[in-house]
There are 2 protein chains.
Amino acid sequence: MGVTKSELFNPQQNEMAQIAKVLAHPARVAILQYISRQDACICGDLVEETGLAQATISQHLSEIKKIGLLKGNFQGKNLCYCIDKERWEAIHDLFESFFTRIGQQCC
Amino acid sequence: MGVTKSELFNPQQNEMAQIAKVLAHPARVAILQYISRQDACICGDLVEETGLAQATISQHLSEIKKIGLLKGNFQGKNLCYCIDKERWEAIHDLFESFFTRIGQQCC
DNA sequence: ATTACAAATCGTAATATTGCGATATATAAA
DNA sequence: TTTATATATCGCAATATTACGATTTGTAAT
């Protein structure tokens, strides 16, 4: 096996899990923090910053992209990433209501 | 490989990722929601509720336990789980400040 | 068009996760 | 103590994730 039985769960639960999965790696947490710290949204010194290989960083970036969190555009020959603020807020809201709802009802 | 290089990241980033990993499966999202919905904190009809095998549910519960989110005690011969509210709030705060901090600085 | 460089993708190896049947362990009742 | 039932753990197979070297693709400058 090793395959998640998504069909057993509702779309909200699957979405929640899918997004959490992106945050479930310290490199991706670090990448999001680093990008947000830069005034202008800076690109690929993430390799230097983290100590991971270029291919690995690129792979992590693509995971973050999959849930719509990254906007990238070229500035010179550098690809310049920044966080999609609207999407960030949407995901923030999703987590917020998840935590609040469970926190209220629980025990 | 297949092994996360945690030593490259700081403790906060690793903790964040570790907790997110627990939320990164729809079954565990569903389990948390189900437990919180029950008035009294109910136990193992999670098998019926989700359609996963008993061994699988037990494994998911143990993942949730690892980050301190579950308290369990026997009531009769049933093990009765509930969410540790303090821990829940702590984790809520962790995510809240993560989302807020990045949301403020970003772009 | 050629060159230089940055980032994406490919291929692959190592490890982790998911799921479940079988079994062991724990609790309450008889 | 034996029995019944609930939950945990073991062992294993299938799939997913992580990481990286090598290569390809994309962009800007020459």
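In what follows, every chain begins at residue 1, and chains take the letters A, B, ... in the order their sequences are listed.
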C/dC20 phosphate, OP1 or OP2, under 4.0 Å from B/T56 side-chain N/O: yes
Atom pair distance, as rounded to whole Å: CG in B/L61 and C1' in C/dG19: 14 Å
Per A/Q54 side chain, nearest of listed nucleotides D/dT7, D/dC20, C/dA7: C/dA7
Whole angstrom value for the distance that separates C1' of D/dT17 from CD of B/Q18: 17 Å
Any side-chain heavy-atom pair of B/H60 and B/L52 under 4.5 Å: yes
Of A/V3 and A/H25, the one whose closest DNA chain D nucleotide lies more 5': A/V3
Gap between atoms CG and P, on A/D45 and C/dC5 respectively (whole Å): 17 Å
Closest listed nucleotide, where the reference is the side chain of B/Q59 and the choices are C/dA8, D/dA19, C/dC20: C/dC20
d(NE2, B/H60; P, C/dC20) in whole Å: 9 Å
Upstream residue (5' side of DNA chain C) when A/A55 and B/A27 are each assigned their closest nucleotide: A/A55
Euclidean distance, atom CD of residue A/E7 to atom P of C/dG19 [Å, nearest integer]: 9 Å
A/L79 CG to D/dT27 P, straight-line distance once rounded to whole Å: 8 Å
First encountered from the 5' end of DNA chain C, between A/S58 and A/G2: A/S58
Shortest side-chain distance from B/R28, nucleotide among D/dA19, D/dT17, C/dT18: C/dT18
Along DNA chain D (nearest heavy atom to each residue), the more 5'-positioned of B/K65 and A/E63: B/K65
A/I31 CD1 - D/dT18 C1' separation (whole Å): 13 Å
Heavy-atom side-chain contact between A/I35 and A/L70 under 4.5 Å: yes
Among D/dA8, C/dA8, C/dC20, the one nearest A/Y81 by side-chain distance: C/dA8
Touch class at under 4.0 angstrom, heavy-atom based, for B/L52 against every strand present: sugar-phosphate
Length of the CD1-C1' vector between B/I57 and C/dT17, whole Å: 15 Å
Residues 16-25 of chain B side chain polar contacts: donor-acceptor under 3.5 Å, at least two apart:
unit_1	atom_1	unit_2	atom_2	d
B/H25	ND1	B/A27	N	3.0
B/H25	NE2	A/T4	OG1	3.4

Residues which pass ring pair (Phe, Tyr, Trp, His ring centres under 6.0 Å) with B/F98, listed by chain and number, not counting sequence neighbours: A/W88
Side chains of B/H92 and A/E96 in contact at under 4.5 Å (non-hydrogen atoms): yes
Phosphate-side-chain proximity, A/K21 and D/dT17, N/O vs OP1/OP2 below 4.0 Å: yes
